[in-house]
Amino acid sequence: MQKNTKKKIAPIVVAVLVILYAGPLMVMVAMMAGFLGAHEAGGVVPFLLLYAFAGGAVIVGVLAAMAQRLREIDGGEEDEAQKY
């Protein structure tokens, strides 16, 4: 096992946990918006879609942050910081 493999576990686990939390919420809100017709719900559907979009943005952001953190770990950023 490589020296930095253990450091990669935490970002991956956190990203998976956030996706497992936000994903079902996003799907549920999007389904609620789909089931409610515009004639039934009035102005509620745009807000539900906004929440669904925000959940998707959270998931994309977490995946981007995880990818950036894994690149930092591969680049030896923590090993260089230990010198100082």
Side-chain angles (χ1 to χ4, degrees):
M1 189 150 54
Q2 290 182 350
K3 181 180 176 183
N4 61 2
T5 303
K6 287 185 181 180
K7 294 178 185 178
K8 291 182 179 183
I9 293 173
I12 293 171
V13 168
V14 170
V16 168
L17 289 175
V18 168
I19 291 170
L20 288 176
Y21 177 74
L25 290 176
M26 183 184 70
V27 170
M28 182 179 63
V29 169
M31 287 176 59
M32 283 176 27
F35 288 140
L36 297 175
H39 60 283
E40 296 174 3
V44 176
V45 173
F47 290 112
L48 290 175
L49 292 176
L50 180 68
Y51 280 117
F53 179 74
V58 166
I59 290 173
V60 170
V62 166
L63 289 175
M66 180 193 66
Q68 179 182 1
R69 182 66 187 135
L70 292 177
R71 279 194 304 272
E72 288 175 357
I73 291 171
D74 285 338
E77 169 255 337
E78 288 183 352
D79 297 331
E80 290 178 15
Q82 288 177 352
K83 295 178 187 176
Y84 300 105

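The first residue of the sequence shown is numbered 1, and numbering continues consecutively from there.
Summarising the geometry, atom CG belonging to L70 is positioned 5.0 Å from atom CD1 belonging to I12; distances are rounded to the nearest 0.5 Å. Residue R69 holds its CZ atom at 10.5 Å from CG of D74, rounded to the nearest 0.5 Å. Atom-to-atom distance recorded for M66:CE and K8:NZ is 11.0 Å, nearest 0.5 angstrom. Once rounded to the nearest 0.5 Å, the distance linking CG of L20 with CG of L25 reads 11.0 Å.
Contact between I73 and P11 at its shortest, heavy atoms only, is CD1-CG, 4.3 Å. Annotation for V29 and A52: closest pair CG1-N, 3.9 Å, computed over non-hydrogen atoms.
By the rule that hydrophobic residues join a cluster once side-chain heavy atoms approach within less than 4.5 Å of another member, V62 and V16 end up as members of separate clusters. The hydrophobic clustering, which links ILVMFWY residues whose side-chain heavy atoms are closer than 4.5 Å, places V18 and M26 apart.
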